[in-house]
Amino acid sequence: MTIRMLKYELKKVFLKTGSRIAMALLLILMGITCFFAMDVSYVDGEGNSQRGPAAVAQLRAAQKAWSGYLDEEKIRKVIAENLRIRNTPEALSQNIKEMNIAYGWQQGIEGIRDLLNCSYAEGFREHDYYRADSLTEDAASDFYINRTRLLREWLEDEAEDQFSEAEKAYLIRQYENLETPFYYDYMAGWQQLFEFSPTIIMLTMLILGYLVAGIFSNEFTWKCEAVFFSSVYGRNKAVVSKIKAGFWIVTGIYFMSFLFYSGIVLLHLGTDGWNLPVQASWTSWKCFYNITNLQKYFLIGMGGYVGCLFISFLSMLISAKTKSTVTAVMVPVILIFMPSFIANIDSPAANKIIGLLPDQLLQIKMALGFFNLYSIGGRVIGEVSVIMILYGVLTAALVPVLYQVYRRL
Amino acid sequence: MMELKISDLRKEFKDIAAVRNVSYTMSTGVYGLLGVNGAGKTTLMRMLCTLIRPTGGSITWNGRDIFEMDGDYRKLLGYLPQEFGYYPDFTVYDYLMYTASIKGLRPVTARQRTKLLLKQVGMEKAADKKMKKLSGGMKRRVGIAQAMLGNPQILILDEPTAGLDPKERIRFRNLISELSENRLVLLSTHIVSDIAYIANEILLMQDGEIRAAGTAQELIDAMPQQVWSVEAVKEEAASYMKAYKVSNVKAIPGGVSLRVISSEKPAGHAVLETATLEDLFLYYFGEKENDDKDVEV
């Protein structure tokens, strides 16, 4: 009985022309996002930029040549190789074609060179793209030490008032707990996948918001509520089937979209580097979460799912309460775009609040880079763990509220 | 035993009393609830369908409060609301199958009932048509089919013939008559002829109250005024309409023939007539001239 009701609830949603257009739009936008995510270039020996599967294979081969543990010896070699390339006539030339040829030689060590720029920066929040060019091989031994040193200096100086002593100790401990030397390998697949993940998740959320917004309110829009509520299951099982429909729409479309995106990108760029620490990529060098790329992928995927579930259920609650689909559709839009208007406030307290907003779940990739810490019961916890648990619980709490609100109308 | 008992029922919306102290008991048969728009018919019916809770009083089914019975009561209920909504992209068959599922019908029973009712309401050939493509009359027929899906003991039809053309109205009336066997049917309308043919008992509702109730003959017999036929020149017609309730004006050679409701003889040459249901309704709901109420005879 419940399955039949669920089947028809899903039919109500997907038979609408608007829903079909929304789904088609999602497919198109996903296609565009995948195209950009897969777009990796390789500069050949002639200085020409190549794209497509051949370019991926060549880039992989170039970077694989430098794979291995990033120990002192490897760092030393990378510094030396970088200097060698930098001092070639091609690199010193003002001719773009020549410079491109030099860049082509550099592609194999590019990822490690970026890490050198981070490690040997002047300050924790500094980034000098050419810092690696001024290094000598003797500096190699400081590669990992610098990471913690710069953090300590930052915590004692610029960020002194931003964290409690316990939080500072937590950050340092997390940095020290990173296993070094870590392994380095080609990992363009994961880097590109992470880069565009917020786009895919937010697009999916907006479409989901549109799809679920009418589940409850459309009974009123279509004037079907009298028959619905006067039926035997109109105030119990039929309401549950609506909630289930919302759940399955979010679950089905979210994972379809996320797994399709991941599958396409990883199929094209490869899954190499899945077990590398996220810090092996310069964009996550400062990250205090000691996780691998695969773990980061799961966090992004699950965070996005919890976020989409929460926002969709909130939208459904508004739909049930206000009987207005338009108002309900606005919920995801407001929750996704409003924080970006207030995100530029340079206040640690404000950042802590902004860090708890549900849009953060849709962009875990970014949240993993924020130094938002919360002290709960004497324990220091990072933003990502807090929002995952918080919104997981809130989503579960929304279900009975939604049920009660609608059945009492 | 089948007894739907309304006791001292009241419903207020802010300061407006939509239903005032209504008491009535119904069992098997067709009950016609007649009143002008705004008389409180829909509010009363929505309370009988547990869609809104009364401000005071009670409704019981065989002695049990219907709101406490919850799903057990709704299991007995079939309801066609005044504004019958539908899922625009569903086919007729899907609509009925979905409604059957929320009415708790098992899949096999749902399929059987849907097929039977589609045949009964003459919609067999339109089963695969989308609801949004149906004409007003066809939608109403689907509406009655959905109300009958659970083979309900109580069938509540709110203005089921509203907006239908005369042919559809007759067809619909006959259909309700067919379906009314062994159940309690409460039918609201502001169209006299709808219930004149099919209702066993008629409830006249005005300003939230039941003004009179009984069979058509009982109500006619109890009418406090009489019906007179008066022939007059055209110029006199207006003064009659101002002074009396006039249920009909017919042009005749040399003037008009008026059907006047009055306790005294309106003119020396007036002839006493036998009252009809239409006269009765006009007596209760009609006004003298400039009637802005909504009664169709």
Side-chain angles (χ1 to χ4, degrees), chain A residues 1-23 210-211 213-245 249 319-320 323-325 403-404 406-409, chain B residues 42 45-53 66-67 69-91 93-107 109-111 130-132 139 142-147 149-150 152 154-156 158:
Chain A
M1 200 81 71
T2 321
I3 290 173
R4 263 195 312 143
M5 279 189 262
L6 173 64
K7 182 186 106 181
Y8 284 112
E9 284 300 338
L10 294 174
K11 258 189 159 180
K12 281 184 206 173
V13 173
F14 289 108
L15 282 178
K16 279 194 296 179
T17 313
S19 301
R20 290 175 179 196
I21 293 170
M23 290 297 291
Y210 175 79
L211 294 177
I215 290 180
F216 288 90
S217 51
N218 277 345
E219 294 294 331
F220 294 90
T221 313
W222 291 327
K223 298 182 178 7
C224 293
E225 84 285 359
V227 171
F228 182 86
F229 286 120
S230 63
S231 66
V232 183
Y233 293 143
R235 293 190 189 269
N236 41 57
K237 287 184 184 174
V239 181
V240 172
S241 73
K242 281 187 179 292
I243 297 171
K244 281 186 182 171
I249 288 171
S319 161
K323 303 171 192 172
S324 160
T325 308
Y403 176 74
Q404 289 300 334
Y406 200 66
R407 75 185 294 264
R408 280 181 189 168
L409 286 175
Chain B
T42 296
M45 290 187 141
R46 285 177 69 82
M47 285 192 279
L48 288 170
C49 292
T50 68
L51 291 171
I52 48 172
R53 283 189 173 264
I66 63 166
F67 290 95
M69 284 176 75
D70 201 30
D72 288 342
Y73 171 73
R74 293 197 300 272
K75 198 179 275 181
L76 311 168
L77 191 68
Y79 176 46
L80 173 62
Q82 185 175 4
E83 278 192 279
F84 169 61
Y86 52 87
Y87 307 107
D89 295 301
F90 272 19
T91 61
Y93 184 78
D94 272 349
Y95 173 76
L96 291 175
M97 285 298 286
Y98 170 67
T99 311
S101 73
I102 61 172
K103 282 175 185 275
L105 269 68
R106 294 186 177 283
T109 319
R111 275 193 289 273
K130 285 207 170 182
M131 290 293 292
K132 63 184 173 189
K139 280 173 195 158
V142 178
I144 190 85
Q146 68 76 24
L149 271 170
I154 306 163
L155 184 60
I156 296 181
D158 194 357

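Throughout, a chain's letter reflects where its sequence line sits, starting with A, and its residues are numbered from 1. Side-chain atoms are counted along with the backbone in the values below, which use heavy atoms only and exclude waters and symmetry mates.
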Which atoms of A:Asn236 are under 4.5 Å from chain B, going by heavy atoms: the side chain, the backbone, both sets, or neither?
side chain

With heavy-atom distances below 4.5 Å as the criterion, would you say the side chains of A:Ser231 and B:Arg74 are in contact?
no

Could you pull out the closest heavy-atom pair between A:Val227 and B:Tyr95, with the gap in Å?
CG1-OH, 4.2 Å

At what distance, to the nearest 0.5 angstrom, does OG of B:Ser101 lie from CG of A:Leu6?
10.5 Å

Please state whether the side chain, the backbone, both or neither of B:Arg53 comes within less than 4.5 Å of a heavy atom of chain A.
neither

Spacing of A:Cys224 atom SG and B:Met131 atom CE [to the nearest 0.5 Å]:
8.0 Å

Taking NZ, NE, NH1 and NH2 as the nitrogens, is one of them in B:Asp70 or A:Arg235 under 4.0 Å from a carboxylate oxygen of the other?
no

Distance (rounded to the nearest 0.5 Å) between B:Cys49 SG and A:Phe229 CZ:
13.5 Å

Between B:Tyr98 and A:Lys12, is any side-chain donor less than 3.5 angstrom from a side-chain acceptor?
yes

Between B:Ala147 and chain A, with a heavy-atom cut-off of 4.5 Å, which part of the residue counts as in contact: side chain, backbone, both or neither?
neither

With chain A, the option among B:Pro88, B:Gly78, B:Pro152 that has the most non-hydrogen atom pairs under 4.5 Å is B:Pro88

Tell me, with the steps shown, if A:Lys11 and B:Asp94 meet salt bridge (Lys or Arg N to Asp or Glu O under 4.0 Å).
CA-CA 9 Å; A:Lys11 258 189 159 180; B:Asp94 272 349; 2.6 Å; yes

Is the shortest side-chain heavy-atom distance between B:Phe90 and A:Tyr8 below 4.5 Å?
yes

Top of A:Ser241, A:Ala238, A:Ala226 for chain B proximity - count of heavy-atom pairs under 4.5 angstrom
A:Ala226

Minimal non-hydrogen separation, A:Met5 against B:Ile102, with atom names:
SD-CG2, 3.7 Å

Using a cut-off of 6.0 Å, state whether more than 12 heavy atoms not belonging to A:Lys223 lie near its atom NZ.
no

Which residue out of B:Glu83, B:Lys75, B:Arg46 racks up the most heavy-atom pairs below 4.5 Å with chain A?
B:Glu83

Using every non-hydrogen atom in the two residues, find where B:Leu51 and A:Glu225 come nearest and quote the distance to one decimal.
CD2-O, 4.3 Å

Give a yes or no on whether the ring-centroid distance for B:Tyr87 and A:Trp222 is below 6.0 angstrom.
yes

